[in-house]
Each structure stands twice: as C-alpha cells, then as structure tokens.
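All remarks here apply to the structure that follows.
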Amino acid sequence: QVQLVESGGGLVQAGGSLRLSCVFSGGTFRWYGMAWFRQAPGKEREFVAGSTWSVEGTDYADSVKGRFTISRDNAKNTVYLQMNSLKPEDTAVYYCAASSSWNYPKSQGNYPYWGQGTQVTVSL
C-alpha cells in the first residue's frame, strides 16, 4: 500500500521561503505521477504542481509559476516543493498526492493516495 508522509510546513513571513518534502513508500516510485495540492480555509482543494518521473515533465498552477518548483529525488523516493517569494494567499494545508498513472492530472479525483497534509502559514 502506497504511503506518503509530508514535512516542512511552518510559519514564514511574506517574501520568505519554505521547502516541503514528501516521502513515498509501498510502491515503485517512478511509476507514479506526483503532485502537490493545497486547501485554504473555506476553499476547495486545488492543484499546485505536478511532476512525472522525469522532472522534464512538470506543470504548475498559474498562481505559483515562477515562485514554486517541484522536484523529485527518485533515489530517495521523495518529492519536494520549493516555495519562494511566499505570499499570504499561499497560506493553506499542503498535500502530497500520488496519481493512479505516470502522469499528474490536475483533478484530485485521479489521485488515490494522499499524505496527511502540512500547514503553511504566511504572515504579512
């Protein structure tokens, strides 16, 4: 059974940076498209970034393009989300997810495996 464990969230001032990590276990990591989603209070969960096994295949939500970077260390079965130039509107619970295929659909319904979530809070 695939399991995902996130870490790296916290409180940061606007303009600061954080790096989230997600360790994958229970399967063959390279077979799975990986993604980060986030959910702010009172809002629906939204796609943030996704990656195939090769980081040449990545995509981002428009709201984070140029500020966030998704990467994978396939030797460590870990996916990262480097978040720079953080804004208060980035405040949310961030979730790591493993797709049911090698790709990274933007719809959360295509992700059978989820981490527990990690809180990111950006203050003014």
Side-chain angles (χ1 to χ4, degrees):
Q1 180 74 2
V2 170
Q3 292 188 322
L4 304 171
V5 179
E6 301 117 332
S7 61
L11 173 64
V12 64
Q13 287 188 326
S17 298
L18 282 175
R19 188 176 79 157
L20 306 183
S21 301
C22 172
V23 178
F24 172 104
S25 63
T28 303
F29 186 50
R30 66 179 182 272
W31 291 353
Y32 292 82
M34 300 295 296
W36 289 93
F37 286 76
R38 68 185 181 186
Q39 188 167 19
K43 294 187 176 181
E44 293 189 353
R45 192 173 298 186
E46 63 175 358
F47 175 87
V48 175
S51 173
T52 61
W53 170 67
S54 166
V55 292
E56 293 178 354
T58 58
D59 198 10
Y60 299 89
D62 288 342
S63 58
V64 307
K65 279 182 181 176
R67 301 188 298 122
F68 290 12
T69 302
I70 187 170
S71 62
R72 297 173 66 142
D73 185 335
N74 292 318
K76 294 182 177 179
N77 285 5
T78 302
V79 60
Y80 304 97
L81 185 67
Q82 177 66 44
M83 305 184 294
N84 298 328
S85 302
L86 283 161
K87 305 175 181 180
E89 52 263 44
D90 293 318
T91 295
V93 177
Y94 283 71
Y95 297 90
C96 173
S99 170
S100 56
S101 72
W102 59 271
N103 209 341
Y104 48 86
K106 294 186 177 181
S107 170
Q108 59 178 314
N110 293 105
Y111 292 83
Y113 307 109
W114 293 84
Q116 80 283 1
T118 185
Q119 176 71 47
V120 171
T121 303
V122 184
S123 64
L124 289 169

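Being a predicted model, the structure only gives us computed values, none of them experimental.
Between C96 and W114, every side-chain heavy-atom pair lies at or beyond the 4.5 Å cut-off. Put simply, the side chain of V120 reaches to within 4.5 Å of the side chain of M83, judged on heavy atoms. At least one side-chain heavy atom of Q119 sits less than 4.5 Å from a side-chain heavy atom of T91. Residues Y32 and V2 form a side-chain contact, since some pair of their non-hydrogen atoms from C-beta on lies under 4.5 Å apart. Under the 4.5 Å side-chain criterion, counting only non-hydrogen atoms from C-beta, L4 is not in contact with Y95. Side-chain atoms of F37 and Y111, non-hydrogen and from C-beta on, do get closer than 4.5 Å to each other.
Listed here is the closest heavy atom pair of N84 and S17: OD1-OG, 2.9 Å. Here the closest non-hydrogen pair linking P88 and L124 is CG-CD2, 3.4 Å. The two atoms that bring A92 and R38 nearest to each other are CB-CB, 3.8 Å, heavy atoms only. Contact between L18 and L86 at its shortest, heavy atoms only, is N-CD1, 3.9 Å. Closest approach of V93 to G117, counting heavy atoms only: CG1-CA, 3.9 Å.
Under the ring-ring contact (aromatic ring centres under 6.0 Å, His included) rule, F29 has a single partner from Y113, W102, F24, which is F24.
Distance check: F68 CZ to T58 OG1 gives 14.5 Å after rounding to the nearest 0.5 Å. Rounded to the nearest 0.5 angstrom, F47 CZ and W36 CH2 are separated by 12.5 Å. Interatomic distance, CZ of R30 versus CG of N77, reported as 10.0 Å (0.5 Å rounding). Between atom CG of residue L81 and atom OG of residue S51 there is a gap of 11.0 Å, rounded to the nearest 0.5 Å. Atoms OG1 and CE, on T78 and M34 in that order, are 9.0 Å from each other to the nearest 0.5 Å.
Q82 places no side-chain N or O within 3.5 Å of a backbone atom of R19 that could act as its donor or acceptor partner. Between the D73 side chain and the A75 main chain, a donor and an acceptor come within less than 3.5 Å of each other. Looking only at distances, no side-chain donor or acceptor of Q116 sits under 3.5 Å from a matching main-chain atom of V5. With hydrogens and angles disregarded, a donor-acceptor distance shorter than 3.5 Å links the side chain of N74 to the backbone of W53. A side-chain donor-acceptor contact under 3.5 Å links S99 to the backbone of S101. No donor-acceptor pair closer than 3.5 Å links the side chain of R45 to the backbone N or O of Q108.
By the 6.0 Å contact criterion, CD on E44 is open, its count of non-hydrogen atoms from other residues, nucleotides or ligands being 12 or less.
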Y80 and S71: side chain to side chain contact (heavy atoms under 4.5 Å, CB included), yes or no, with the steps? CA-CA 5 Å; Y80 304 97; S71 62; 3.6 Å; yes
When you look at S100 and N110, which way does the side-chain hydrogen bond (donor to acceptor under 3.5 Å, both in side chains) test go after all the steps? CA-CA 6 Å; S100 56; N110 293 105; 4.9 Å; no
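A salt bridge links K65 with D62: the distance from a Lys NZ or Arg NE/NH1/NH2 to an Asp or Glu carboxylate oxygen falls below 4.0 Å.
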